[in-house]
Protein chains: 2
Amino acid sequence: MRPTMRDVARRAGVSLKTVSRVVNGEDGVRPDTTAKVNAAISALGFRRNDIARALRGGKRTRSLGLVIKDVANPFYSQIARGVEEVARAHDLLVISGCSDEDPARERHLIRSLCERRVDGLLVVPSGTDHRYLIPEISMGTPAVFIDRPPEEALEADVVLIDSVGGARTAVDHLVRHGHRRIACLSDLPGIFTASERLRGYREALGEHGVPVDEALVRPGRHDVAGAESAMAELLALDDPPTAVFTGNNRLTVGALRAVQAAGAGTALVGFDDLELADMLATPVTVVAHQPVEMGRRAAELLCRRMAGEELPPQRVVLPTHLIVRGSGELPPP
Amino acid sequence: MRPTMRDVARRAGVSLKTVSRVVNGEDGVRPDTTAKVNAAISALGFRRNDIARALRGGKRTRSLGLVIKDVANPFYSQIARGVEEVARAHDLLVISGCSDEDPARERHLIRSLCERRVDGLLVVPSGTDHRYLIPEISMGTPAVFIDRPPEEALEADVVLIDSVGGARTAVDHLVRHGHRRIACLSDLPGIFTASERLRGYREALGEHGVPVDEALVRPGRHDVAGAESAMAELLALDDPPTAVFTGNNRLTVGALRAVQAAGAGTALVGFDDLELADMLATPVTVVAHQPVEMGRRAAELLCRRMAGEELPPQRVVLPTHLIVRGSGELPPP
DNA sequence: AGATGAGATGACAACGTTGTCGTCCTGAGA
DNA sequence: TCTCAGGACGACAACGTTGTCATCTCATCT
């Protein structure tokens, strides 16, 4: 159905190779020949077959693979946006997929991407063991990890957010506003950022000499509904928390819903900024960061690797900043 | 660097073709041979080269192209999510790119996708002329349009939202709550959904015998900042509107900001739902719809086309529904 | 006129895989 | 023992492109 260079050549009355030269803008073709070839190309609607091109060239497919958790989550879609910007600048295409935090799905995706010979991989890793990537990397498909590091054994670049620092800032802020009973909602403990933020929470409390009440720590919540019910339970305690730190945007939304439903005046600081956070009845204080920039930085690192640059594995940690809006400054009752 | 089937064959002491058989699970290979080949495969870390496979097979690359406006916008990222779900079910990979509403960028993207021989295209079209897609479609790369139809001349499937109906519902709702001076913020007039929603606005006013005050109609706003300043201008009029209909999620956010900044009690109904819309000081009444479902339906249509099904061009129009939350029910002063 | 060289063009192989077809071997049946 | 069928496996071509090298055509110079 689709014409090949051979068809174009036949129609233009030249050889296959001459068509190739014209298509690739090589010189050494007479203007009139070029014109004949171009006429044939547009008459037939020829499009160079990049599949064959990549095969013959033996090397670059000019594409990179991106594995995130869920593109519908603004955090990840912003990462994707940053990646896309850099890809565009380098004339690369992005093949992306969602792991939904399922290691098997992630592995299947990465396998498919490698089979398609993407030039590089950007991964927000889900499982705990990514050693299966070692052969891929050593065989020339570089990988950069985003938001979570791989295992020690795996030498690869990684771009992170300062989760511990951000969490400490959040909890410190709440303590300074007079809170002692501060709850923490966090994601599944297997997720690096979740455990790091929980660690930051504990560290900040420790620094202020506030004992951690384990009844107020609710890990393992990974969606809005889970966070909402956990927060509702916390508010129903005999001695409920006066403040809460939420470990990501999903959990913040869930907690906000529960607090509002209970009509409670619980103080809240959330990790990740939210659109409209400043417009709620009580504007939401958050630990903000730069997800788009994280995608950009990761993609740029990857491009350098793809260009063959040899560096020791890089570890980029992007800063967070507290945005004070109101919910984090509510006093204890 | 990466081993080929030939390398595996050499190592296993069999022929290339036998490796191919094992890799593809064909029968007619003795168990002990299969074992030898599999051993060689894992020893070498062999991954079948899908580039070569697609070239040789001559047909399917098992990938589809997705062109949206901006993956960081929740509306489009939800569409992408729906597409990804269907792609996953069909074992397809998604190559996506953002046009940023730039026809040249869109065309470049689509050209690249066709050169990579994606099996099908999903496009939220940006420009006005998509006839350049006709040869691609007729040469076997089916296309399905999302959110906006292509020109008349282009026979292709399209999945839309009932923009006119949704806008009419919104404006009708405002009129029924006593408003007569109802403003409208809408996107660039060249965008199908923008003009459709503006049309719905005019129709609804007309039905109620309310004359359209062109001073209250502000088209051509395409981001939060533009909407915010337009809304601020409207509020500064001698005879400001008592209500506003906003044509998409960006414009709703901008208008909300301006209304809140001015401390105005302007009623508002927005097209597109927003996360946290129910939790604002004045919860936001919206015309909601199903972007994820739109992505799914489009991808499913595309898969049917890719499977070779011949149907007349389909036009799917997904319904909207009004979610009453408060901002749309504010009375005029 | 013949040699020379530059510029234009073409023939051919190769990238890694799979479809087609041919060959070889084994065991069953005559 | 010979034939034959069928299973197991291999040789070869082809997919569409590009790198390498060869060839061909003139215009120029001696």
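Residue numbers begin at 1 in each chain, while the letters A, B, ... track the order of the sequences.
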* Round to a whole Å and report the spacing from CG of A:Asp27 to C1' of C:dG7. => 10 Å

* Structure fact -> When rounded to whole Å, the CZ to P distance for the pair B:Arg2 and C:dT17 reads 11 Å

* Output every pair passing side-chain hydrogen bond (donor to acceptor under 3.5 Å, both in side chains) with a member in residues 306-317 of chain B, not counting sequence neighbours, ordered by first then second residue. => B:Arg304-B:Glu309

* Does CD in A:Glu26 sit with more than 12 non-hydrogen atoms of other residues, nucleotides or ligands closer than 6.0 Å? -> yes

* Is a side-chain donor or acceptor of A:Asn38 paired with a backbone partner of A:Ala35 at a separation under 3.5 angstrom? -> no

* **Distance-only donor-acceptor test (3.5 Å): side chain B:Arg56, base C:dT18** => yes

* Decide yes or no on salt bridge (charged side-chain N to carboxylate O under 4.0 Å, His left out) for A:Asp50 and B:Arg117, but give the supporting numbers first. => CA-CA 7 Å; A:Asp50 268 345; B:Arg117 297 294 190 267; over 6 Å; no

* To do: Figure out the CG/P separation between B:Leu55 and C:dC15, and round it to whole Å.
  => 13 Å

* Rounded to whole angstroms, how far apart are CD on B:Glu26 and P on D:dG10? -> 14 Å

* **Closest nucleotide among D:dC15, C:dA8, C:dG19 to the A:Arg30 side chain** => C:dA8

* Are A:Arg56 and A:Asn49 linked by a side-chain donor-acceptor pair shorter than 3.5 Å? -> no

* Can you tell me if CZ on B:Arg62 sees more than 12 non-hydrogen neighbours from other groups inside 6.0 Å? -> yes

* **N/O donor-acceptor pair under 3.5 Å between A:Asp119 side chain and A:Arg60 backbone** => no

* Kindly state which residues belonging to residues 15-22 of chain B come within less than 4.0 angstrom of DNA chain D, counting heavy atoms of the residue only, listed by number. => B:Ser15, B:Lys17, B:Thr18, B:Arg21

* Please report, rounded to the nearest Å, how far the C1' atom of C:dG16 is from the CE atom of A:Met139. => 16 Å

* **B:Asn24 vs C:dT18: side-chain N/O to OP1/OP2 distance below 4.0 Å** => yes

* Structure fact -> Residues in residues 32-48 of chain A with a heavy atom under 4.0 Å of DNA chain D, by number, are A:Phe46, A:Arg48

* Asked: Is the shortest side-chain N to carboxylate O distance from A:Arg2 to B:Glu136 below 4.0 Å?
  -> yes

* What nucleic acid atoms does A:Val23 come within less than 4.0 Å of, heavy atoms only: base, sugar-phosphate, or nothing? -> nothing

* Asked: Rounding to a whole Å, what distance do you find between A:Ile51:CD1 and C:dT18:P?
  -> 14 Å

* To do: Can you run down the salt bridge (Lys or Arg N to Asp or Glu O under 4.0 Å) pairs that involve residues 73-91 of chain B, sequence neighbours left out, and say none if there aren't any?
  => A:Asp70-B:Arg81, A:Asp100-B:Arg81, A:Asp100-B:Arg88, A:Arg105-B:Glu84, B:Arg81-B:Glu85, B:Glu84-B:Arg88, B:Glu85-B:Arg296

* Axial bend angle, the helix from C:dA1-D:dT30 to C:dA30-D:dT1: five-pair end segments, nearest 10° -> 70°

* Short N-O contact, B:Glu115 and A:Arg47, less than 4.0 angstrom -> no

* **Non-neighbouring partners of B:Ser15 that pass side chain to side chain contact (heavy atoms under 4.5 Å, CB included), sequence neighbours left out** => B:Lys17, B:Thr18

* **B:Arg148 with B:Glu101: basic N within carboxylate O range, under 4.0 Å** => yes

* **Per B:Arg6 side chain, nearest of listed nucleotides D:dT18, C:dT17, D:dG16** => C:dT17

* Measure the distance from CZ on A:Arg117 to C1' on C:dT17 and round it to the nearest whole Å. => 11 Å

* Asked: Does A:Arg53 place a side-chain N or O at less than 4.0 Å from the phosphate oxygens OP1/OP2 of D:dT18?
  -> yes

* Quickly work out the B:Asp7 CG to C:dT17 C1' distance and round it to whole Å. => 13 Å

